[in-house]
Amino acid sequence: RSLRVIIASVNRTLRGWFEYFKHTDVATVFPGLDGGLRRRLRRILLKWHKQHRHNGKRSAHQRWPNAFFARQGLYSLATAHALLRQSARR
């Protein structure tokens with residue numbers, strides 16, 4: 001499967017989670033979930049590229065930064081929660 005297919009599948013689940021938990025007071029959980037998901041996606045990419053995590057070259061985080069996943073369309077729980085809070089303040 002391609003990365004875009006994986007992200008599309010994950011996004012459906014993330015949007016469902018967000019709709020269920022969006023009114024939680026524990027907003028600090030969202031960045032951790034986002035980070036863990038990106039780490040898992042980086043491991044998948046490393047496996048596809050047949051590289052180990054620490055091979056002396058750029059780290060996976062440098063090779064595929066958070067902005068890379070945003071460009072690929074990965075849904076961010078933390079960003080969605082921040083946008084929800086902004087619109088609620090108006």
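Computed from a predicted structure; not experimentally measured.
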Walk me through whether Leu3 and Phe68 qualify under side-chain contact (heavy atoms from CB on, under 4.5 Å). CA-CA 11 Å; Leu3 182 62; Phe68 168 79; 3.7 Å; yes
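Note on Leu46: it clusters hydrophobically with Trp48, by side-chain heavy-atom contacts below 4.5 Å among ILVMFWY residues. Side-chain heavy atoms closer than 4.5 Å link hydrophobic residues (I, L, V, M, F, W, Y) into clusters, and following such links, possibly through other members, connects Phe30 to Tyr20.
A donor-acceptor contact shorter than 3.5 Å is absent between the side chain of Asp34 and the backbone of Ser76. Between the Glu19 side chain and the Gly16 main chain, no donor and acceptor come within less than 3.5 Å of each other.
Partners of Val29 by side-chain contact (heavy atoms from CB on, under 4.5 Å), not counting sequence neighbours, listed by chain and number: Val26, Leu33. Checked against side-chain hydrogen bond (donor to acceptor under 3.5 Å, both in side chains), Arg42 has the following partners two or more places apart in sequence or in another chain: His61, Asn66. Not a single side-chain contact (heavy atoms from CB on, under 4.5 Å) links Ala82 to another residue, sequence neighbours left out.
Between His81 and Phe18, the ring planes lie perpendicular to each other; the angle is over 60°, past the 30° to 60° tilted range.
Applying the side-chain hydrogen bond (donor to acceptor under 3.5 Å, both in side chains) test to every pair with at least one member in residues 7-17, sequence neighbours left out, gives no pairs at all.
If you take CG on Leu45 and CZ on Arg40, they are separated by 10.5 Å, rounding to the nearest 0.5 Å.
Side-chain contact between Leu74 and Leu37 is present, with heavy atoms from C-beta onward closer than 4.5 Å.
Heavy atoms only, all atoms of each residue included: Leu84 and Lys22 are closest at CD2-O, 3.7 Å. When all heavy atoms of Tyr75 and Leu14 are compared, the closest pair comes out as O-CD1, 3.4 Å.
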